Amino acid sequence: MSSTENAAMEVEATAEQKQAESHLARNVKFLERGIAAAEVHYTHRALRTIFSLRKRLQSDVLAEMIATHASKSNSQSVADCLQHAAESLGQKHVVGPATKVCEPEVCLFLCLLVQLYHLDHNEHERGAKLSDVLVGAALGLQRRTLDPIVSRVIFYYSRFFEVAGRLADARPMLLKALQTATLMNMKETKAMVLTLLLRNFLNYKLYDQAERLAAKSSFPTDAPNNLLARYLYYMGRIEAVQLNYSQAQMHLLEATRKAPSTPATAGFQQTVHKIYVIVELLMGNIPERSLFRTPVLKKPLQPYFELAQAVRVGDLSQFQDVVSRYQDQFLKDQVLILIQRLRHNVIKAGIRSISVAYSRISLRDICLKLHLDSEEDAEYIVAKAIRDGVIDATIDHEKGFVKSAEVHNVYGTSDPQHAFDKRITFCLGLYNESVKSMRYPGGDHRKELAYADEAIKRERELAQEIENEEYDSDSDAMDDAMDEDL
Amino acid sequence: MVGVPSAQELSGLYDRTRAELDSPRPNHNAVKTQLSQLKVGLVKIALHNAQVELDPKFQLTKRSILEMGAEFSIKTGDIPAFERYIAQLEIFYYESKHGLAESNVMYPLIGLNLLRLLSENLIADFHTTLERIDLAQLQSNPYIVHPVKLEQALMEGSYKKVWQARAEVPTPEYLFFMDILMATIRNEVASCVEKSYSNLPFDDAKSVLFFTSMDELLRFAQERRWAVSPSEKRITFPSTTENTRMFQGETIMKQTLTYARELERIV
């Protein structure tokens, strides 16, 4: 019985193997077709199947594929890559008798699969070594069609180093990759490398270096949405630390919009939303409650929800309470220092609610309500709040009270106009962007073009004929005329 | 290379300069020339022998020289020089640390740098530097806690606390930047006071603005063009009534033209 079971399992295993092999072979064909037609979307199609292939990778299948593609007529760098890949899998590498040249794209694709295999099996050292070789070779090859594959290879390169804790060592190679990508106009690689470098700097809290990099380099505008979302998130974090809250808010909001809202991206959405809530609080706006109710965000954002409540109420003791309770969580999210800045926001909110509620209130009462240290402190704080435009009031020093100015009609000012203007520009911008990104269906477009081409050609021929005819008829007429004269 | 000093010569010169600086009446000019000699010596050694960067003893000497330079620039009030020394010391303090033991003037110097950034109102740089410091130090180290508390007090607007913090400085060198800071916040307080009070009696104005004598107050009032009335002993502040109903023609025109242009583009 067991032998039949074993035999059955073997048959299954080989069947799976065959399936995996056929998948791989199909992808390789895609890539070759892509190179032949110089079309990028074949490469993208092959890369999309990686996601499903990933679960079914086995080292011997990969080694076999590598062996079939290792021929004597490969270029040196391709041969090197294949050799390293095979060795890292622990399989012997034999340069086979096949004479077909293995294109660099196919080679890198196979090596990318090997990288994924190592990552999934937690073999970080081997993966890191292999990635080193791959990135060096890929940058040396400098072919633009390699763009999507190279960007993924570099991503896993950085990931291996990050998992091993040696992220700083990845930096020199990443910087070189950025240089090559910019020179060769490899947009996707450039976008990927920029994002990875920012992540690298932020990991070591080198905010000013990250800011300088972002300022000096230009992120390609037509990068895929995933990369754009990540880049915007990192930009938002840098700007939040540098007190540039309005820019940070814009970038973070865009990041949440660009990222697809599938279950797989839940982690990203949570992280972005955490920083977004803090930036909103720092700007003085309370984020909407409905934000905290979305099912994906409900639990992770619970501490932030309580924080927002404390800031809204303006109670300093409640704020301190929340901060000390969730200190570890905030530390893990690396936002503790940003939260310390929220202290004065709490006081501002407190002052604002007081001045709205009271038309006249003594400084002593303010001091008591806000738990401040002394009346003089309260006086200074209120004076600063008035200067910053938080409240509209005057202080009467001798009698020691604060008198709020009367509330005037908002519609009488130009505030509604500015708000409308902002919304209108946003909608128009959105419209323009959607027009720019419209796509026409591929095949039909070409057929139409061909048809139009032919039509134009025919028209031109017709026109030529007519011209010639006229000329002939003219000369005929002239002959007739001459004949007549005669 | 001409006259590359050996490591011993360098440390000898360093010891002499240190002694001079620590003496009760240091000769500033002499120290200054010795410091520049030290710096040139550092560069020469590094140029001559690239491997020396990995030598821990050399790194220690280099760091001590830079720290001494920073201290000296505070004593003479040379802020750009202090900035330069701190920039060079950053490599030692934040990154690999070259395997050296922690210097005991590290945190005072970092605290001084933070205070300098505050006094020059470079709040963004203040916060980026803050991020790089260990969290444990932020909450416990008195040298760091002092500027952090100051910054919070400044943001809230409790300037009284800042004035009181003068008495609590960890080291006397902090006082140098505190004075610059007081000048900055005096301007802040003045602008707050202008908007929130309609008028103030002299004595109150004097205490609010942290002045010690009436003359300073009057001079300050003149600079800021406040109406001083000696008879009632009051200062009246010009009231800034914003005309919110003013028709902002140019903005409206620009906006409307933008709308028209964009609408025309819609096919």
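Bear in mind that the values here come from a model prediction, so they are computed numbers and not experimental data.
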Engaged part of A/Ile424 at the chain B interface, taking heavy atoms whose separation is under 4.5 Å: side chain
Heavy-atom contact with chain A under 4.5 Å, split by part of B/Glu151: neither
Shortest non-hydrogen contact between A/Phe330 and A/Val322, atoms and distance: CE1-O, 4.4 Å
Option that, when pairs with chain B are counted at under 4.5 Å, heavy atom only, ranks first among A/Ile238, A/Asp208, A/Val435, A/Asp421: A/Asp421
B/His146 and B/Tyr174 aromatic ring geometry - parallel, tilted or perpendicular at 30°/60° bounds: perpendicular
Residue-level interface, residues 242-251 of chain A with chain B, non-hydrogen cut-off under 4.5 Å: A/Gln242, A/Leu243
Side-chain donor-acceptor pair present, A/Glu376, B/Tyr159, cut-off under 3.5 Å: no
Heavy-atom side-chain contact between B/Leu118 and B/Leu114 under 4.5 Å: no
Over all atoms of both residues, closest heavy-atom pair of B/Ala70 and B/Ser73: O-OG, 2.7 Å
Residue pair B/Ile266 / A/Tyr431, side-chain heavy-atom distance below 4.5 Å: yes
Pair A/Ser317, A/Asp315: side-chain N/O donor-acceptor within cut-off below 3.5 Å: yes
Neighbourhood of chain B inside residues 341-353 of chain A, taking heavy atoms under 4.5 Å as contact: A/Arg341, A/Arg343, A/His344, A/Ile347
A/Phe319 vs A/Leu307 side-chain heavy atoms within contact, under 4.5 Å: yes
Which portion of B/Val189 sits near chain A, non-hydrogen atoms under 4.5 angstrom: side chain
Contacting region of B/Leu122 [heavy-atom separation from chain A under 4.5 Å]: neither
B/Leu181 side chain reached by B/Leu150 side chain, heavy atoms, under 4.5 Å: yes
Heavy-atom closest pair, residues A/Ala210 and A/Leu198: O-CD2, 3.7 Å
Check ion pair B/Arg219-B/Glu223 (N to O, under 4.0 angstrom): no
Centroid-centroid distance, B/Phe82 to B/Phe177, less than 6.0 Å: yes
